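Data block below; observations after.
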Amino acid sequence: MYLTETVAMDCYDVVRQLWDFLDGELTDESMDAIRAHLAQCRQCYPQFDFERTFLDALAATRREHPAPNMVRRKVLAKLRTAGLDV
Amino acid sequence: MTGTVPAAELHRVDARRFEVEALPWLDDVYRFALSMTRDESDADDVVQETFLRAYRSWHTFEPGSECRKWLFTICRNVFLRLRERDRRRVDYGGEDAQLEALASEQETQSSFGENAEILSHVDLGPALERAIGELPDVFRSAVVLVDVEGMAYNEAASVLGVPVGTIRSRLFRGRRLLQDSLVVFARDAGLTARDPCEV
Ligand SMILES: [Zn+2]
């Protein structure tokens, strides 16, 4: 019963919700239904894989982008004038 | 009873908590500020002002809540005030409102078919970073908070002071624009899937 429900999930609905799914922003039921659909749909899986690779590449741009030392020094100096003992 | 603790001692404890809980987010706040200003000197100003305000309103921070989110919210407000000041000199018109309307339109076509090959062939980092920088601010802030900083939709919504549905539509529109930029990048670089042997 549950299985037939997930099997019946439309490709259109799956593709429409791929990003919500990848972001983990759906209900547990929808997450399960899409996961089940992707496991057996040869049409949707490549698109899922594409969007996942794309989001991974986006996340990787975070890199370590540390604040320059000068900015750090200025912040600490400002906080000291405001009374913080650093 | 806190009344029996000397004020100086309370201040010391508070200051120590600020040092331990807020200051370690300096790099994150700087990165977020830079993503909004896209100018290092402006980011520098925004970060200083953010930490000064944060320290002065430290008593309003709820212990145990997400300090990074709290700092980002202050940072966003500092940035908006700075931009507001600049806007009095340069008239931007209703650009943001138009973009917002664009974002709420039904999601555009996925560029999956065209892009599928590209992702597997190219180091996307530099192209993506440039494309993020070129996104209109309303989309860039959503993409940076959720996709780069890893926030949930509701956290990003709280930082930007908009409903969760707005984050979602801005985010999805921003992602599509990024994917479109990648297609253009790939074409310019001669990396279209048509002739992968030449890559
Ligand atoms: Zn399918």
Side-chain angles (χ1 to χ4, degrees), chain A residues 10-28 30-31 34 37-38 41-86, chain B residues 11-12 14-16 18-19 22-23 26-31 33-35 40 43-45 47-52 54-56 58 107 110-113 115-116 118-120 122-129 131-132 143-144 146-150 152-154 164 168 171-172 175 178-179 182:
Chain A
D10 202 270
C11 288
Y12 174 81
D13 277 337
V14 170
V15 168
R16 199 172 49 82
Q17 297 179 92
L18 269 185
W19 276 340
D20 299 282
F21 173 74
L22 280 160
D23 293 335
E25 297 275 350
L26 296 170
T27 61
D28 288 349
S30 298
M31 293 293 288
I34 292 181
H37 181 100
L38 289 173
C41 180
R42 291 156 87 188
Q43 205 176 310
C44 290
Y45 188 83
Q47 179 148 359
F48 159 75
D49 198 39
F50 162 77
E51 300 295 359
R52 183 175 55 183
T53 309
F54 168 69
L55 293 185
D56 285 349
L58 256 180
T61 64
R62 188 173 185 267
R63 283 189 314 188
E64 280 325 302
H65 225 310
N69 277 329
M70 192 191 57
V71 175
R72 187 174 296 274
R73 277 200 301 274
K74 282 187 194 167
V75 166
L76 294 179
K78 203 150 216 179
L79 289 173
R80 260 181 232 115
T81 63
L84 184 64
D85 186 20
V86 282
Chain B
H11 174 77
R12 236 194 324 277
D14 249 19
R16 178 78 191 129
F18 184 82
E19 237 183 289
L23 275 183
L26 183 66
D27 286 343
D28 292 63
V29 171
Y30 178 76
R31 197 172 49 237
L34 190 59
S35 80
E40 289 182 8
D44 181 343
D45 292 343
V47 171
Q48 286 181 60
E49 182 65 19
T50 298
F51 276 93
L52 188 62
Y55 182 59
R56 288 192 172 140
W58 185 235
E107 280 122 52
S110 161
S111 46
F112 162 63
N115 263 348
I118 297 163
L119 289 186
S120 55
V122 192
D123 171 22
L124 297 173
L128 263 179
E129 275 197 60
I132 293 171
V143 165
V144 164
V146 175
D147 289 336
V148 183
E149 299 297 335
Y153 294 2
N154 63 351
V164 172
R168 186 178 177 275
L171 182 66
F172 287 13
R175 287 174 179 175
L178 289 178
Q179 293 184 342
L182 289 181

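The chains referred to below are lettered A, B, ... by the order of the sequence lines, with proteins before strands, and numbering in each begins at 1. Not measured: the values here are computed from a predicted model.
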Residue part contacting chain A, namely of [X], when any heavy atom lies under 4.5 Å:
X      : value
B:Q48  : both
B:E149 : both
B:A152 : both
B:V29  : neither
B:D28  : side chain

Checklist entry - When only pairs under 4.5 Å are counted, which of A:D23, A:L55, A:L18, A:T61 shares the most heavy-atom pairs with chain B? => result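 Heavy-atom pair counts peak at A:D23.
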Checklist entry - Which answer fits A:A60, side chain, backbone, both or neither, if we ask what part of it has an atom under 4.5 Å from a heavy atom of chain B? => result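 No part of A:A60 comes within 4.5 Å of chain B.
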Item to check | A:C11 to A:H37 - nearest heavy-atom pair and separation | outcome: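 Smallest heavy-atom distance, with atoms named: SG-NE2, 3.6 Å.
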Next on the checklist: What I'd like to find out is whether the side chain of A:F21 reaches to under 4.5 Å of the side chain of A:R16, using heavy atoms alone.
Outcome noted: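 Answer no - side chains too far apart.
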Checklist entry - When the ring planes of A:Y45 and A:F48 are compared, do they come out parallel, tilted or perpendicular, using 30° and 60° as the limits? => result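 Because their plane-to-plane angle lies in the 30° to 60° range, the rings of A:Y45 and A:F48 count as tilted.
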Next on the checklist: With chain A as the partner, which of B:L23, B:V146, B:V143 has the greatest number of non-hydrogen pairs under 4.5 Å?
Outcome noted: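 The answer is B:L23.
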Next on the checklist: Checking B:F18 now: which residues fulfil ring pair (Phe, Tyr, Trp, His ring centres under 6.0 Å) with it, not counting sequence neighbours?
Outcome noted: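 Ring pair (Phe, Tyr, Trp, His ring centres under 6.0 Å) list for B:F18, sorted by chain: B:Y55, B:W58.
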Next on the checklist: Quick test of your reading of the model: are B:R168 and A:D20 salt-bridged, counting only N-O distances below 4.0 Å?
Outcome noted: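 A salt bridge links B:R168 with A:D20.
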Do any side-chain atoms of residues 70-80 of chain A form donor-acceptor pairs under 3.5 angstrom with protein atoms, and if so which ones, sequence neighbours left out?
from: A:R72; atom 1: NH2; to: B:D27; atom 2: OD1; distance (Å): 2.9
from: A:K74; atom 1: NZ; to: B:D44; atom 2: OD2; distance (Å): 2.7
from: A:R80; atom 1: NE; to: A:V86; atom 2: O; distance (Å): 2.4
from: A:R80; atom 1: NH2; to: A:V86; atom 2: O; distance (Å): 3.1

